[in-house]
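One structure is given here, and the rest of the page talks about it.
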Amino acid sequence: MNALEEIKCKNLADDIADEIMLTPKLYRAICNTPREIFSPVGAHAYSLNAQPIAGNQWISSPLTVAKMTSALECENIDNVLEIGCGSGYQAAILSNLAHRVFSVERIEKLAMQAKKRFETLKIRNVHVRYDDGNNGWKSYAPYDRILLSAATDEVPQTLFNQLKSGGILVAPIKKADKQYIVQYKKDSDANISEHIFDECLFVSLLTGRE
């Protein structure tokens, strides 16, 4: 990352920190992750707005990425499963916080582009799979944390099954005409509790592959 990118990333982290409380590690993760490579319009890469990308998908607002990441409470944990890799920006942020990140993308073109971006940025701990996200990624389950980057009426039971006891799952959940960031916690008896955070806006979780 060159000096100009470093300044832009720090300014972005400061803009987010003006809106919500960031832990020092999440603040550094935003500072360390160049956003232009993930953004279709470089001039808007460091704004707080979401942007359209290929496949009728969107790269989320960096503020929303920070809120989702905060709700996930994923610092220094072993593994995270992300459903909906998209551009890869969310996974890149997670790569600064967790030891291993597994990200599933149902659109092949996006999965391939995300892999190339991680290679370019020399991010070694993010693994991308082209598949229907509703299936999770059974081979590496169970996961300490699971994050859905697509909105759904309810979380597929398959994903709760792949979450460790004591683990946290965060998803955008549709309620009436709105969406909310919801944090689910799974206890040792596999009981699930939920806590509703802020309103949000994501594309819908779909089935199948493209």
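Everything quoted here is computed from the prediction, not taken from an experiment.
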*Say whether Leu94 and Ile123 are linked into one hydrophobic cluster, either directly or through other cluster members, by side-chain heavy-atom distances under 4.5 angstrom.*
yes
Output for pair (Thr64 OG1, Leu201 CG), nearest 0.5 Å, gives 8.0 Å
Check your understanding: Leu22 and Leu147: same hydrophobic cluster, using ILVMFWY side-chain contacts below 4.5 Å?
Key -> yes
Checklist entry - Hey, does the side chain of Glu194 reach the backbone of Tyr184 with a donor-acceptor pair shorter than 3.5 angstrom? => result no
All heavy atoms of Thr33 vs all of Ala92, minimum pair found to be CG2-CB, 3.8 Å
Determine whether Ser193 and Asp187 make a side-chain contact, defined as any pair of heavy atoms from C-beta on separated by less than 4.5 Å.
no
For Cys85, is there any backbone N or O sitting under 3.5 Å from a side-chain donor or acceptor partner on Glu105? yes
Q) Ile107, Phe118: one ILVMFWY side-chain cluster at the under-4.5 Å cut-off? A) yes
In short, Ser47 meets Leu12 closest at the heavy-atom pair O-CD1, 4.2 Å
* Give a yes-or-no answer on whether the side chains of Asp14 and Tyr27 include a donor-acceptor pair shorter than 3.5 Å. => yes
Arg106 and Tyr130 have their tightest heavy-atom pair at O-CE1, 3.3 Å
Joint cluster assignment, Val128 & Tyr140, ILVMFWY side-chain distance < 4.5 Å: no
From the list Asn134, Leu169, Leu148, side chain to side chain contact (heavy atoms under 4.5 Å, CB included) partner of Ile83 resolves to Leu148
With side chains defined as the heavy atoms from C-beta onward, is the minimum distance between Val155 and Ile173 less than 4.5 Å?
yes
Side chain to side chain donor-acceptor pair (under 3.5 Å) for Lys174 and Ser204? Distances and angles first, verdict last.
CA-CA 9 Å; Lys174 300 176 182 177; Ser204 295; 2.8 Å; yes
| request: Indicate if Ile168 and Val101 have the same hydrophobic cluster label, given that clusters are the connected sets of ILVMFWY residues with side-chain heavy-atom separations under 4.5 angstrom. | output: yes
- Query: Are side-chain heavy atoms of Ile59 and Arg35 found at a separation under 4.5 Å?
  - Reply: yes
For the residue pair Glu75 / Thr23, report whether a side-chain donor-acceptor contact shorter than 3.5 Å exists.
yes
Taking everything shown except Met1 itself, do over 12 heavy atoms lie less than 6.0 Å from its CE?
yes
Could you go step by step and tell me if Phe38 and Arg117 meet the side-chain contact (heavy atoms from CB on, under 4.5 Å) rule?
CA-CA 8 Å; Phe38 298 99; Arg117 291 180 183 120; 3.6 Å; yes
| query | Counting N and O atoms only, with roles assigned by atom type, does the side chain of Glu5 sit under 3.5 Å from a partner on the main chain of Asn2, one being a donor and the other an acceptor? | reply | yes
Less than 4.5 Å apart, side chain to side chain, heavy atoms only: is that true for Asn96 and Ile30? no
One should read off an interatomic distance between Leu81 CG and Leu159 CG, to the nearest 0.5 angstrom, of 7.0 Å
Closest non-hydrogen atoms of Pro172 and Cys200, given as atom of the first, atom of the second and distance, are CB-SG, 3.7 Å
_Non-hydrogen side-chain atoms of Thr69 and Cys74 separated by less than 4.5 Å_ = yes
Does the Lys186 side chain pair with the main chain of Phe160, one donor and one acceptor, at a distance under 3.5 Å? yes
Between the NE2 atom in His99 and the CG atom in Asn125, the distance rounded to the nearest 0.5 Å is 9.0 Å
- [ ] Run the numbers on Asn11 and Tyr46 for side-chain contact (heavy atoms from CB on, under 4.5 Å), then give the verdict.
- [x] CA-CA 8 Å; Asn11 289 342; Tyr46 295 95; over 6 Å; no
TODO: Measure the shortest side-chain to side-chain distance between Leu121 and Pro34 over non-hydrogen atoms and say whether it is less than 4.5 angstrom.
DONE: yes
CG of Asp153 to CD of Gln179, rounded to nearest 0.5 Å, is 9.5 Å
Rounding to 0.5 Å, atoms CG (Asp131) and CZ (Arg209) come to a distance of 5.5 Å
Checklist entry - Any sub-3.5 Å donor-acceptor pair from Glu36's side-chain atoms to Ala45's backbone N or O? => result no
Smallest heavy-atom separation, Asn135 atom then Gln162 atom, equals O-NE2, 3.0 Å
- Task: List the steps, then state whether side-chain contact (heavy atoms from CB on, under 4.5 Å) holds for Ile181 with Val170.
- Result: CA-CA 7 Å; Ile181 297 171; Val170 171; 3.8 Å; yes
Flag the pair Val65 / Tyr89 as yes when at least one side-chain heavy-atom distance between them is below 4.5 Å, and no otherwise. yes
| field | side-chain contact (heavy atoms from CB on, under 4.5 Å) between Lys67 and Ile20, worked out | value | CA-CA 8 Å; Lys67 289 179 178 178; Ile20 63 171; 3.9 Å; yes
Nearest heavy-atom contact between Gly208 and Asp132 is N-OD2, 2.7 Å
Value for CD (Glu73) from CG (Leu26), rounded to nearest 0.5 Å, stands at 12.0 Å
Is it the case that over 12 heavy atoms from other parts of the model lie below 6.0 angstrom from the CD atom of Gln157? yes
field: pair Lys164-Asn79: side-chain heavy atoms closer than 4.5 Å
entry: yes
**Study point:** Neighbour count above 12 (heavy atom, 6.0 Å) for Lys25 NZ
**Key:** yes
